[in-house]
Structures are given as C-alpha cells and as structure tokens.
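Notes follow the structure.
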Amino acid sequence: MVTETTNSRNVGDGVSKYSLKLKEVEEYTRRVWDAEKPYFAKPRPGQPKRFVTMPYPYMNASLHVGHAFTASRVDAYARYSRQKGFNVLFPFAWHWTGEPIVGISKRVTEGDPSLIKTLTELDGVPPSELHNFKDPYYIASYFTSTGRAALKRLGASVDWSREFATAHNPAYSAFIEWQYFSLREKGYVVQGTHPVVWCPRDKSPTGDHDRSQGEGVSPDQMYLVKFVLDPSKEGKRDADLSGVFLVAATYRPETIFGATNLWVNADKQYVLAEVDSERWIVSEYCANVLAEQRRSVRVLKKMPGLTLVGLTASQPFAKTPLPVLPASFVDPTFGTGVVYSVPAHAPYDYLGLVELQTKAEAELRKIGLDPVVVKGIKPVSIIEVEGHGDYPAIEEVQRLGIHGVSESAAEKATSNVYKLEYNKGELKTNCTGFEGMKVSLAKQAVYEKLREMKLADIYLELPQPVVCRCGTRCVVKILENQWFLKYSDTNWKNRVLRELAQMDVYPQDSRKMYEDTVAWLQDKACVRRSGMGTPLPWDREWIVETLSDSTVYMAYYTIAPYVASGRISANQMKKEFFDHVFYGVGDPSEVSKKTGVDPLLLEEIRSEFLYWYPVDLRNSAKELIPNHLTFFLFHHCALFDERHWPKAVSVNGMVTVNGGVMHKRLGNFVPLSKALEDYGADVTRCALLGGSENLDDPDWNTTVVRSVTENLYAFVELVERASKEGDYIFAEQRLGEWVYARLKRRASEVSSNLEVMRTRSALNEALYGPWDDLRRYWKRAGDTSRRVEKTYLIEWLKLIHPFAPHIAQWGYGVLGGTGLIEHQGFPDTTLSEEEQLLLVQEEYVDVVAEDLLNLIRLVQNKGSAEVAYSSELKRRVAKALVTNGSVPVKVTPDVIKLVSQEIGDKAKAAQLAQRIVKSLSEWRTQPPKLVSQLIDEEADTLIKAAPYLEKTTGLRISVCAEEESADMRRSANSAPLKPTITIS
RNA sequence: GCGGGGUUGUCCGAGCUUGGUCAAAGGAGACGGAUUCAGGCUCCGCCGCGUAGAGCUGCGUGGGUUCAAAUCCCACACCCCGCACCA
C-alpha cells in the first residue's frame with residue numbers, strides 16, 4: 001500500500017499522483033482474479049491449446065525488470081491467445097541447480113561485506129534475514145517466494161499449480177534421472193577427456209565468470225621440442241645428464257632449423273623430472289602443469305636455472321650443438337620455461353642475443369660461458385618472405401626502433417613477424433626435407449616429423465595468465481572421464497536442423513543464429529562436482545550441471561500438478577512411469593504394478609501430457625540462443641517424437657537501464673518488486689513492451705515510464721468518465737461507424753503482430769491507435785464533449801488486455817461488464833465492404849485536407865477555397881481503367897488505347913491518361929472495386945466532409961464540379977480523386 | 001581469430017526478405033498557441049527546402065542496376081554482440 005507520507009512527499013510529482021490511481025485499478029483487478037482464479041489450466045479435449053513458456057529464472061537473486069520484460073511478452077501472448085479461444089497453459093518454475101547459490105551462502109558465511117551490501121541494498125533482503133543466508137536452500141527459497149510474489153503482482157497469468165524448483169526436489173530429480181538414462185541409452189551422453197582451464201586450489205574448472213583475470217582466455221596448443229643434452233658437460237653439476245632432454249615449448253616448430261641456442265631463465269627454478277619414463281628438464285612450474293595434462297611426473301631433483309647455463313644440447317635434425325644461454329625474458333610459468341632461440345625470425349631472440357653479446361667477457365665467464373662461443377653466434381635465416389630480407393625479425397626490430405627485450409614493442413614485433421611469415425613465408429633450402437614448403441603447412445609437417453623421432457609432443461598453455469576469483473593462478477588441465485552431451489554428433493545435429501526448419505522462429509533474424517549454433521556446437525560437459533542439483537544416476541559423484549538439467553523440463557509441467565497434489569510421489573516416478581507418460585510404452589496395469597501408480601491416474605497423466613505437448617512457444621532473451629534455447633531443441637529431438645517437437649521460439653533483447661547494461665556492480669539494477677512498487681504493474685509491462693520487440697535492447701528509464709504512466713492514466717480517466725456520465729452514443733452516425741471500422745482494422749494489426757511476437761508494434765497499435773481515431777471523430781463530428789460510447793470502450797479494453805490486463809479488467813467492470821473481460825473474446829477483425837469504403841473515403845478526405853493545408857502555407861490571401869472534382873468524362877475513363885483488372889500505376893500503350901477509346905480523341909488521350917494514372921496510382925494498394933466506388937462517391941464525400949475541412953483549414957469551403965469552377969483554367973487540371981483547389 | 005547483427009529525420013524507432021502505397025509509421029522531445037491561479041495532464045498547430053500546390057533534396061560513404069531504390073548489387077567506413085563446461 002502506498003502510505004499517506006509517500007503521497008504527500010511526492011505532491012507535485014505527476015507520476016506519483018497518477019500511479020496512485022493506477023494502483024487502485026490494479027488492486028481492483030487483483031481482487032477479481034483472486035476470486036475467480038482464472039489461470040489454472042485443465043486439459044479440455046476438443047479445444048485448441050497453446051502451451052507457452054519462458055525459461056525458469058535462476059534463484060540466486062531477485063527477479064528484475066529484465067525477467068519482467070520476457071514474462072510480459074509471454075503473458076501478452078498468453079492472454080491474447082485466451083481471448084482468441086485457445087486453452088492456454090503458462091506454467092512457471094524456479095532454477096536452483098548449480099553453483100552460484102552455494103557460492104552466495106559461502107560468501108555470507110565468510111561475511112563478505114560487498115555481497116551483503118548487494119543483498120540488502122539491491123535485492124532488498126532485510127538485514128534480519130541475513131543470518132539465514134548461510135544456508136543455500138534458504139536463499140533459493142527466499143528468492144523464490146519474493147519472485148513468485150513479484151510475478152503475481154505483475155499480472156502474469158501463470159498456472160501456479162504446476163510450480164516447482166529444480167533442486168531439493170526428489171520428483172524433479174527422478175525426471176532428470178529418467179532424462180539422462182534415456183540420453184545415455186541413445187548414445188548422446190558419452191564419457192570424454194577434454195582440456196579445461198583449471199584452478200588447482202578449488203579443484204574445479206574455472207569458467208569466465210569465475211576469473212579475476214584472464215576473461216575469455218582459452219587453452220592454446222603449443223609444441224614441445226626435446227633437445228638431447230650433451231652429457232659430457234655434466235661434470236660439476238652433480239647429476240647424470242645422459243639421455244636427459246631439455247624440453248623447449250614453441251608455437252613455431254618449423255623454425256627449429258634456425259635455432260642457434262637455447263634460452264633458460266637463470267634466476268628461476270627448474271627441475272629434472274621423470275616424465276612418462278623419460279627424463280626431462282623443465283621449469284618447476286611446468287612440471288606441475290605437466291602432471292595435470294595426463295602425464296606421470298616425478299621430480300628427481302631441483303635445478304636452479306643458472307646451473308643449466310653453459311650446457312650444450314643438440315639440434316634434433318642436424319645434431320649441431322646449441323649452447324644453453326640465459327635470458328631474462330623467458331617466463332618459467334609459460335610453456336616449459338625453456339625456449340630455443342631463432343634470432344633471424346624471432347625478435348625476442350635477436351634482442352636477447354644482442355644483449356648477451358654486448359656484455360663484458362668477464363661477466364660471461366662468470367656464469368660459465370665461453371665468450372668466443374657466445375659472440376660467434378649468428379642468426380640463421382631459414383624463411384623466405386617476398387619483399388623482405390633474410391632477417392625479418394631484425395628488420396622489424398629496427399623498424400620499430402626497439403633496443404631491448406624489456407620494451408613492450410617487442411611483443412608487437414613478435415606478432416608482426418609471426419603473421420608475416422605464417423602467411424607469406426616459405427622454408428629455404430637449408431631446411432632439409434621441407435625445402436620450399438609454406439610456413440603455414442610446415443608447422444604441422446615439422447612437428448609430425450619430430451614426433452616420429454619421439455622428439456616432439458603437445459602441450460596446452462594459456463596464452464595469457466588466468467587467475468581464479470580465489471586468487472590462484474590457473475593452469476590447463478586435461479579432465480578425464482567426465483560426462484559429455486554429444487552435441488558434435490552429426491546425425492543429432494541434422495535432426496535439430498530439421499526440427500528448426502519446421503519451427504517458427506521470431507524474430508526472423510534470429511533463425512540463422514540457431515543454425516550457426518547447431519553447426520558450431522561441440523561436446524558439452526554436462527556434469528559438475530559441486531553445487532545444487534541432481535546426481536548423475538549412474539555415477540553419483542557428479543551432479544547434472546545447470547544448463548543440462550533444464551532442456552526438456554517443460555514436459556515435467558504436465559506431471560507437476562500431480563506431484564504437488566500428492567497423487568503421485570517421487571519413488572513411483574520410475575523409468576516405466578515416464579516411458580509410459582511420454583511415449584505410451586507399456587500397458588497401464590503393468591506399468592502400475594511396477595510403479596505403484598493407479599492405472600487410471602496413469603492414463604490421466606498420459607492424456608494430460610498428450611493434450612499439452614508440444615510447447616507452442618518458448619520466449620527468452622537472445623543471450624540464450626547459443627546455449628539454452630539450442631540445447632532445448634537438441635534434447636527435444638533426442639527424446640521426443642517429432643509430433644512433440646517445439647512449435648516456435650522467440651527471443652528479445654536484454655533490458656538496459658538508463659542506457660547501460662543492468663548490473664549490480666554498476667548499481668543500476670532494478671528489481672521487479674521495486675518497479676512494481678514505484679509505478680505499478682501495467683505501467684511496468686507497457687514501458688517494457690513498448691521498448692523493443694526485435695533483437696534490440698529496450699531501455700528502462702524515467703522518461704519512458706513517465707510517459708507511459710500519463711498515457712495509461714489518460715485512458716483510465718476516459719473510462720472513468722464514461723462510467724460516470726451516463727450513456728453516450730456517437731451522434732454522427734457515419735463517423736461512428738468509421739471509428740468502429742478503424743478499431744477492427746487496428747485489432748487485426750494487433751493480432752497479426754502478436755502472432756509473431758512483435759509485442760511492441762501490437763502494444764502501440766492497441767494503446768495509441770484508437771486515440772487518433774477518436775480525436776478525429778470528435779473533431780470531424782464537432783463534438784467537444786470528448787466522450788466515447790461504452791461499447792467502443794469495451795472493444796478497446798479488449799484490445800489493451802494483453803498488455804495492461806489490470807486496466808482492462810477494471811474498465812470492463814466499471815463499465816458494467818460482469819466476469820472476466822478475457823472471456824469476452826478478442827475484437828472482431830473482419831471488415832464489411834461498407835466499412836472498407838468508409839475507411840478509404842476518410843483517407844481520401846485526409847489527402848484533400850493535406851493538400852489544402854499545404855497550400856495555405858504558400859498563399860497570403862486566404863478566405864475561402866474552392867474544391868473542384870473532375871468531370872464526368874474523366875471519372876468514366878478512370879473507372880474504365882480500374883475495372884480493367886487492377887489499379888494502374890504506369891501509363892502503358894494499353895492504357896492510352898483504352899483512354900482514347902473512351903474519349904474518342906487520340907491526341908488528348910496521352911496527356912489525360914498521364915494525369916489520371918498518376919492520381920489513381922496513389923490508391924494502388926486498394927482493391928480496384930473499392931477505388932471505383934470511391935470515384936463514384938467522390939463528390940458526395942467532399943460535400944459531406946466540407947464542414948470538417950472548414951474546421952481544419954479555417955477557410956470557407958465550396959465544392960463543385962470542374963466545369964462549374966470559377967477558375968476553369970485551373971480546374972481543367974483536376975483528375976479523379978485529385979480535385980483542384982483554388983484559394984481566394 | 002570464428003560467427004552473428006547493425007548504421008534512417010532532434011532522439012528512440014518502424015520499414016527493408018516480395019523495389020513504386022516513403023518526406024518516410026509510431027513514440028519521445030523542441031517550439032508556438034488554447035485551457036489553467038500555477039505546474040502537470042489535455043487540446044490545436046508545427047519541427048528538410050519551397051510565397052498557388054500536386055515538386056526538390058533526403059534514409060552511414062562512394063559507385064552501379066532500374067522507367068523507379070531507404071529498399072536490389074559492388075566497394076569502403078564506423079559501431080555492437082556471442083565464442084562453452086557458466087547462469
């Protein structure tokens with residue numbers, strides 16, 4: 001309730017004043033609904049049905065205006081469909097599966113201040129409730145109950161008897177178990193091994209949203225190249241290095257031919273380790289990562305980087321000795337911490353080499369290097385690039401003016417050279433076995449050759465550092481034995497494409513997005529280790545992940561009321577039960593024996609499913625196309641008969657607030673409950689629906705909300721006056737008929753727009769359109785009372801009902817209607833011939849009025865105007881032209897022939913034809929018959945409209961035929977439906 | 001990198017798939033006027049140019065096809081959005 005204080009504080013604020021009235025209206029209607037309970041949907045055999053859904057929202061927060069937008073669209077469609085005579089089911093449920101709810105409970109337990117602030121300030125959680133939020137179940141229940149309340153208040157016509165949550169719900173779990181057993185049986189759930197970004201501390205994959213750094217980074221494939229160390233130099237290092245590999249990581253194995261030396265970071269820690277029964281030297285960090293990538297790793301000995309400097313390893317092909325040198329740019333946490341140096345083609349290597357070579361000899365000796373060897377190293381050119389010299393790396397370093405490895409431009413130079421050589425380079429003759437090969441191809445070829453020699457391998461690395469929210473640096477892990485949905489399956493994909501082809505997809509533009517998603521989709525992990533949800537029935541360590549337990553649950557809506565009422569229980573919901581309900585498998589009495597469900601009840605549930613399924617429309621935000629909505633299609637065609645595949649999907653943009661993406665962190669989060677409290681349900685609905693209807697994002701802002709408030713209020717006022725001031729009829733009969741005809745046409749527009757989920761167009765037509773018609777009526781009929789017939793208002797209320805149901809129901813009641821307005825059907829949309837003519841005639845009057853106004857602006861002396869319609873002869877010609885089949889748009893020889901036949905004067909025919917056709921062509925979209933009638937009644941229409949034209953223009957209007965005109969020279973120019981105007 | 005979408009009058013936004021009904025819907029807003037004690041609402045007018053009209057110029061830029069293009073074709077520029085084990 002709005003209190004007295006709120007009221008007085010806001011005096012002067014127009015919105016608030018109107019909002020009060022609108023809230024009274026809202027409460028009126030809520031009382032009606034509470035009494036009538038109109039939205040419980042029961043199967044009614046014989047009556048056509050529509051089953052409409054939106055994805056259940058995730059319950060880690062309050063519902064916001066974005067949810068309200070989607071819900072309003074579905075609700076508008078649902079309400080409209082009921083008016084059209086469909087038996088509509090609009091169910092709702094709550095998504096509890098997954099990690100975030102648990103995450104919140106953890107953070108509350110830890111006392112995270114920013115989270116607590118968000119909960120209390122943005123989600124509106126009373127501080128007294130907070131201590132309960134240590135329990136994830138409580139959190140989910142809390143937001144579910146506030147969400148339900150908000151949605152009810154929004155006026156969503158939901159059948160709440162089917163409500164459920166996806167966790168802590170044995171019956172739903174039974175359904176998910178059935179789903180996954182079935183998918184597995186069909187071969188769509190498989191076990192697999194895939195690389196993931198992994199947090200070693202959390203021991204779980206780290207998705208984008210779980211990262212404090214490195215969003216969007218995914219594993220990249222690198223190549224390991226193993227260099228055999230020369231054991232003769234082991235001496236002072238107290239380790240047996242025979243057969244030991246120094247393992248370098250690279251993106252460019254083909255450059256091995258240009259290697260002049262190896263780099264290690266002398267200041268970092270390396271290890272000698274047994275890796276898959278070989279002995280490798282890599283950085284200590286890398287050894288840990290290797291263990292995550294399906295290798296057995298046993299560290300034998302730590303080896304400081306410095307101890308590696310001065311060793312020699314041999315080039316794998318030529319076996320030439322390559323010295324191991326120190327380089328500060330080598331990162332031990334990237335790759336193996338060992339790289340091989342190709343100064344001719346890698347800017348870092350060149351810069352590092354120059355840096356080392358310019359050091360004092362004594363310094364080199366101090367770290368165990370022979371100055372002669374170091375200074376003797378020369379870049380080896382192995383790649384030919386047209387238009388470039390032998391050393392692209394050196395060229396690029398000089399071009400960018402780089403002097404040292406620590407300069408950031410070195411990064412840029414590296415990528416430039418890489419792109420250049422990859423796209424345009426060829427290997428030179430010194431690359432034995434690969435001469436003349438394109439770099440782009442050589443990369444793989446060289447790797448394979450090395451692999452054959454057992455000197456190369458694959459390594460997965462993150463191109464940029466990724467840090468988990470918990471603060472831990474992430475690595476690439478190859479996760480084994482995880483369960484996947486086999487979305488890569490070609491047959492499955494083809495089935496989905498077929499499904500898609502026979503579905504309606506709104507808006508049209510989005511169809512391609514689904515097709516692309518289907519094509520692009522790979523196997524998807526469908527289980528997680530933690531979070532709320534249903535354990536994978538055959539491997540209970542895993543929980544069915546949230547995007548994977550939400551794909552066919554719409555079918556569960558047909559069972560849910562039986563669970564809710566206690567007529568069936570979770571332990572009865574065995575495979576046989578679902579197979580029977582969804583597929584009709586098994587004899588009821590036998591299924592009954594196995595499940596304990598009464599055979600009659602079993603048949604009732606089966607027929608309930610058959611009645612409601614398939615889903616007729618699923619609407620959501622566009623961001624769900626690449627995931628949920630496409631999964632929804634995949635699972636349906638995996639699990640259900642073709643006749644149960646969805647009929648239509650539609651998407652909308654995401655609501656922005658004051659132009660920005662709604663985000664709690666940005667503080668522009670608008671909870672639905674707050675919007676409802678501030679502005680009321682119908683305003684919230686209409687403001688959102690009026691915002692957008694295609695893939696664009698509607699914006700929620702005060703300007704829009706205010707204007708919608710004013711508009712709705714004006715409408716309410718109109719209704720209220722009509723209810724108080726007694727009966728009124730449109731006195732001007734002809735125009736009264738016109739107003740009704742216009743309404744029919746608008747209803748037809750509303751209808752065709754809603755059918756394809758163009759909710760904004762529909763709303764605009766329903767809400768604003770009739771105002772224009774009425775204004776015109778009042779003006780045209782000279783009616784200053786600005787009143788409306790009740791019957792008309794009731795038709796208008798029916799039109800508005802899908803969008804502003806509270807006002808519609810209230811208005812209906814106030815005007816003396818009984819029961820629910822939605823039972824009164826949708827306004828008639830069929831126009832009689834008379835009505836069509838009426839509409840066209842008024843359009844004609846408008847054109848004349850426009851011409852008059854146009855002229856007035858150009859003329860000074862204005863007192864009166866003469867409107868001269870064309871002669872009998874011209875009209876005859878024009879009618880001959882239109883009755884000829886269609887309204888002419890172009891002067892053709894046929895037209896001229898016809899005209900000259902009519903007037904019997906060939907010379908004049910062409911000119912006349914031109915003028916007449918031009919005039920007629922303006923009416924080309926109208927049926928010829930109608931145009932012909934319009935011509936017949938042109939004079940009459942003008943005469944009747946004269947008073948209106950006078951009022952509009954402020955001129956005295958006289959209407960006459962062209963031959964009676966005071967200015968015959970001008971009136972000779974007249975054409976049918978194009979009178980001449982003379983102002984004097 | 002891969003893929004998708006977009007660029008319209010002061011702003012938002014329809015229309016472009018099936019070229020002519022498009023100076024271009026609808027909404028918002030500015031301005032002038034009416035009403036009002038006053039503000040808001042409401043109402044009338046008006047918002048590219050054009051002093052007798054049925055025209056001109058215009059829908060990111062440049063070119064093309066056509067009797068005719070916001071709408072079709074080509075090139076260019078700029079902007080936005082997805083890319084997974086997560087809701």
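Within every chain, numbering begins at 1; the chains are lettered A, B, ... in the order of the sequence lines, protein sequences first and strands thereafter.
For B:C59 and B:U51, the P atoms lie 24 Å apart once the distance is rounded to whole Å. Rounded to the nearest Å, the gap between the P atom of B:G9 and that of B:G60 is 8 Å. To the nearest whole angstrom, the two P atoms, one in B:C72 and one in B:C16, are 10 Å apart. Across the C1' atoms, B:A30 and B:C12 are found 15 Å apart, a figure rounded to whole Å. Distance check on atom P: B:C41 versus B:G29 gives 8 Å, rounded to whole Å. Taking the C1' atom of each, B:A70 and B:A38 are spaced 46 Å apart, rounded to whole Å. Taking atom P on both nucleotides, B:C49 is separated from B:A69 by 24 Å, rounded to a whole Å. Taking atom P on both B:U10 and B:G50, the two are 16 Å apart, rounded to the nearest angstrom.
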- Query: A:Lys622 and A:Asp697: side chain to side chain contact (heavy atoms under 4.5 Å, CB included), yes or no, with the steps?
  - Reply: CA-CA 10 Å; A:Lys622 64 182 173 188; A:Asp697 302 329; 3.3 Å; yes
Practice problem: Carefully, step by step, assess A:Thr982 and A:Asp967 under the rule side chain to side chain donor-acceptor pair (under 3.5 Å). | Solution: CA-CA 7 Å; A:Thr982 309; A:Asp967 186 346; 4.5 Å; no
Report task. I would like to know whether A:Glu938 and A:Lys874 meet salt bridge (charged side-chain N to carboxylate O under 4.0 Å, His left out); could you show each step before the answer? Result -> CA-CA 12 Å; A:Glu938 183 180 5; A:Lys874 287 178 187 165; over 6 Å; no
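Each of B:A84, B:A14, B:G4 was ranked by its minimum atom distance to the side chain of A:Asp516; first place goes to B:G4. Of the candidate nucleotides B:C44, B:G4, B:G13, B:C44 has the atom lying nearest to any side-chain atom of A:Arg775. When distances are taken from the side chain of A:Arg211 to each of B:G26, B:G29, B:C85, the shortest belongs to B:C85. Nearest nucleotide to the A:Met513 side chain, out of B:G4, B:C85, B:G13: B:G4. Of the candidate nucleotides B:C85, B:G3, B:G53, B:G53 has the atom lying nearest to any side-chain atom of A:Thr980. Here the nucleotide nearest the side chain of A:Arg786, chosen from B:C43, B:G26, B:G82, is B:C43. Among the nucleotides B:G26, B:A54, B:G4, the one closest to the side chain of A:Asn764 is B:G26. The side chain of A:Lys524 approaches B:A84 more closely than any other nucleotide in the set B:G4, B:G29, B:A84. Nearest nucleotide to the side chain of A:Ile981, out of B:G13, B:G53, B:A84: B:G53. Comparing B:G4, B:A28, B:C41 against the side chain of A:Glu710 picks out B:C41 as the nearest.
Note: CD (A:Glu515) to C1' (B:G5) measures 15 Å, nearest angstrom. The nearest whole Å value for the distance from the CG atom in A:Leu521 to the C1' atom in B:G82 is 13 Å. With rounding to whole Å, A:Arg745 atom CZ is found 14 Å from B:A25 atom C1'. In this structure, the CG atom of A:Leu763 is 20 Å from the P atom of B:C12, given to the nearest Å. Note: CG (A:Leu767) to P (B:A25) measures 19 Å, nearest angstrom. Atom NE2 in A:His628 sits about 19 Å away from atom P in B:A84, given to the nearest Å. A:Leu547 has its CG atom 9 Å from the C1' atom of B:C85, to the nearest Å. The nearest whole Å value for the distance from the CZ atom in A:Phe484 to the P atom in B:C85 is 10 Å.
Between A:Arg742 and A:Glu842 there is no salt bridge, since no side-chain nitrogen of the basic residue lies less than 4.0 Å from a carboxylate oxygen of the acidic one. Of the charged side-chain nitrogens involved, at least one lies within less than 4.0 Å of a carboxylate oxygen, so that A:Glu710 and A:Arg706 count as a salt-bridged pair.
Residues A:Glu545 and A:Ser218 each lie close to RNA chain B; by heavy-atom proximity, the contact nearer the 5' end of the strand is made by A:Ser218. Positionally, the nearest nucleotide of RNA chain B for A:Gln508 lies more toward the 5' end than for the other of A:Lys978 and A:Gln508.
Under the Watson-Crick or G-U wobble criterion, with both distances below 3.5 Å, B:G62 is paired with B:C74. When Watson-Crick and G-U wobble pairs are counted only if both distances are under 3.5 Å, B:C83 pairs with B:G1.
Among the atoms of the strands shown, none is found under 4.0 Å from any heavy atom of A:His95. If you check every strand for non-hydrogen atoms under 4.0 Å, A:Asp696 touches sugar and phosphate atoms only. Across all strands, A:Thr982 comes closer than 4.0 Å to base atoms (heavy-atom distances). Counting any heavy atom pair closer than 4.0 Å across all strands shown, A:Glu717 reaches no nucleic acid atom. Within the 4.0 angstrom heavy-atom criterion, only backbone atoms of the sugar-phosphate kind lie near A:Asn694; the bases stay farther away. No contact: A:Asp967 has no heavy atom under 4.0 Å from any strand. Using a 4.0 Å heavy-atom distance criterion, A:Glu623 is classed as making no nucleic acid contact. Using a 4.0 Å heavy-atom criterion, one finds that A:Lys622 contacts no nucleic acid atom at all.
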Please tabulate the protein-to-nucleotide N/O contacts below 3.5 Å involving nucleotides 6-10 of chain B, giving atom names and distances.
none

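Just one of A:Leu977, A:Ile957, A:Leu949 meets the side-chain contact (heavy atoms from CB on, under 4.5 Å) condition when paired with A:Val848; it is A:Leu949. Results of the side-chain contact (heavy atoms from CB on, under 4.5 Å) test with A:Phe634 over A:Leu485, A:Asp489, A:Val518 single out A:Val518 as the only residue that passes.
Looking only at atom types and distance, the side chain of A:Ser965 has a donor-acceptor partner in the side chain of A:Glu866 under 3.5 Å away.
For the OP1/OP2 pair of B:A28 and a distance below 4.0 Å, the side-chain nitrogens and oxygens of A:Asn711 include at least one atom meeting the criterion. A close approach under 4.0 Å does not occur between any side-chain nitrogen or oxygen of A:Arg746 and OP1 or OP2 of B:A25. OP1 or OP2 of B:A14 sits under 4.0 Å from a side-chain N or O of A:Arg760.
Below 30°, between 30° and 60°, or above 60°: for A:Phe631 and A:Tyr487 the angle between ring planes is below 30°, a parallel geometry.
Remark: side-chain polar atoms of A:Ser620 are not paired, donor with acceptor, to backbone N or O of A:Met54 under 3.5 angstrom.
Remark: aromatic rings of A:Tyr553 and A:Tyr56 are close, center separation under 6.0 Å.
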